[in-house]
Amino acid sequence: QVQLVESGGGLVQAGGSLRLSCAASGRTFSSYFMGWFRQAPGKEREFVAAISWNGGRFYYVDSVKGRFTISRENAKNTVYLQMNSLKPEDTAVYYCAAAVAEWSISTTPNYWGQGTQVTVSS
């Protein structure tokens, strides 16, 4: 069982930056693929980014490539999402996720956090 707690959301102006953090419980954090999803009002939840267990592989949705960076610190059981050059269309609730298998991290993760709100004003 893994529990995920996100933090770092907030209100920022367009062009600004935020860094989201996701703290995970459990002693097996380093064996999980970790990811971030987001859900804007009235829209379905969408995959944003993922990182492999050792940080060697990364995946991003096209709309955030070059602006967002996912990273992890296994010693701290934490995964991050650095978000730069934010746009109003990035406004959403951002969710942290964990998956046992790489194939599922972008579609059906095993565990979810409760979400943190990110609002980008124009």
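Each residue takes its place number in the sequence, starting with 1. Note: hydrogens, waters and symmetry copies are ignored here, and every other heavy atom, side chains too, is used.
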If you measure from the Lys or Arg side-chain nitrogens to the Asp or Glu carboxylate oxygens, is any gap between Lys65 and Asp62 under 4.0 Å? yes
Between Thr78 and Ala23, is there a donor-acceptor pair closer than 3.5 Å when you use the side chain of the first and the backbone of the second? no
In terms of ring plane angle, is the pair Phe68 and Tyr94 parallel, tilted or perpendicular, where the classes change at 30° and 60°? tilted
Quick one: pull up CH2 in Trp36 and CE in Met83 and give me the separation to the nearest 0.5 Å. 8.0 Å
Cluster overlap Tyr111 with Tyr59, hydrophobic side-chain contacts below 4.5 Å: no
With distance as the sole criterion, is a donor-acceptor pair present between the side chains of Tyr80 and Glu73 under 3.5 Å? yes
Which is it for Val79 and Cys96 under the side chain to side chain contact (heavy atoms under 4.5 Å, CB included) test, yes or no, and what are the steps along the way? CA-CA 8 Å; Val79 63; Cys96 178; 3.8 Å; yes
Compute the ring centroids of Phe37 and Phe47, then answer whether they are less than 6.0 Å apart. yes
Same cluster or not: Phe58 versus Val61, using hydrophobic residues (I, L, V, M, F, W, Y) connected whenever any side-chain heavy atoms lie under 4.5 Å apart? yes
Heavy atoms from other residues, nucleotides or ligands near CD of Glu102 exceed 12 (cutoff 6.0 Å): yes
Between CG on residue Leu18 and CG on residue Leu81, distance to nearest 0.5 Å: 9.5 Å
Between Arg38 and Val64, does the side chain to side chain contact (heavy atoms under 4.5 Å, CB included) criterion hold? Intermediate values first, please. CA-CA 12 Å; Arg38 66 186 179 186; Val64 308; 4.0 Å; yes
Distance from Asp90 atom CG to Ser63 atom OG, nearest 0.5 Å? 7.0 Å
What about Trp112 and Val2, same hydrophobic cluster or not, with Ile/Leu/Val/Met/Phe/Trp/Tyr joined at side-chain heavy-atom distances under 4.5 Å? no
Flag yes if Ile70 and Leu86 sit in one hydrophobic cluster, no otherwise; membership is Ile, Leu, Val, Met, Phe, Trp, Tyr, and two members link when side-chain heavy atoms are under 4.5 Å apart. yes
Would the number of heavy atoms belonging to other residues, nucleotides or ligands and lying under 6.0 Å from CH2 of Trp53 be above 12? no
For the atom pair CZ (Arg72) and OG (Ser30), what is the distance rounded to the nearest 0.5 Å? 7.0 Å
Leu11 versus Ser121, closest heavy-atom pair with distance: CD1-CB, 4.3 Å
Could you go through Ser17 and Gln82, starting from their C-alpha distance and side-chain angles, then the distance that decides it, and tell me whether this counts as side chain to side chain contact (heavy atoms under 4.5 Å, CB included)? CA-CA 7 Å; Ser17 299; Gln82 177 67 44; 4.0 Å; yes
Would you give the length of the straight line joining atom OG of Ser85 to atom CZ of Arg67, rounded to the nearest 0.5 angstrom? 7.0 Å
Hey, mind stepping through Thr119 and Gln117 against side-chain hydrogen bond (donor to acceptor under 3.5 Å, both in side chains) and telling me if it holds? CA-CA 6 Å; Thr119 303; Gln117 177 70 47; 3.3 Å; yes
Spacing of CZ belonging to Phe33 relative to CG belonging to Asn110, to within rounding of 0.5 Å: 11.5 Å
Hydrophobic cluster membership, Tyr60 vs Ile105, 4.5 Å side-chain cutoff: no
Looking only at heavy atoms, the pair that brings Ala98 and Tyr32 closest together is CB-CD2, 4.2 Å
Closest non-hydrogen atom pair, Ala101 against Ser104: O-OG, 3.0 Å
Close side-chain approach of Leu4 and Met34, heavy atoms under 4.5 Å: yes
Looking at side-chain heavy atoms only, is the closest gap between Leu20 and Thr116 below 4.5 Å? yes
Go through it in stages, so that I can follow the logic: the residues are Gln39 and Glu46, the test is side-chain hydrogen bond (donor to acceptor under 3.5 Å, both in side chains), and I'd like the CA-CA distance, side-chain angles, deciding distance and then a yes or no. CA-CA 6 Å; Gln39 187 167 19; Glu46 69 166 347; over 6 Å; no
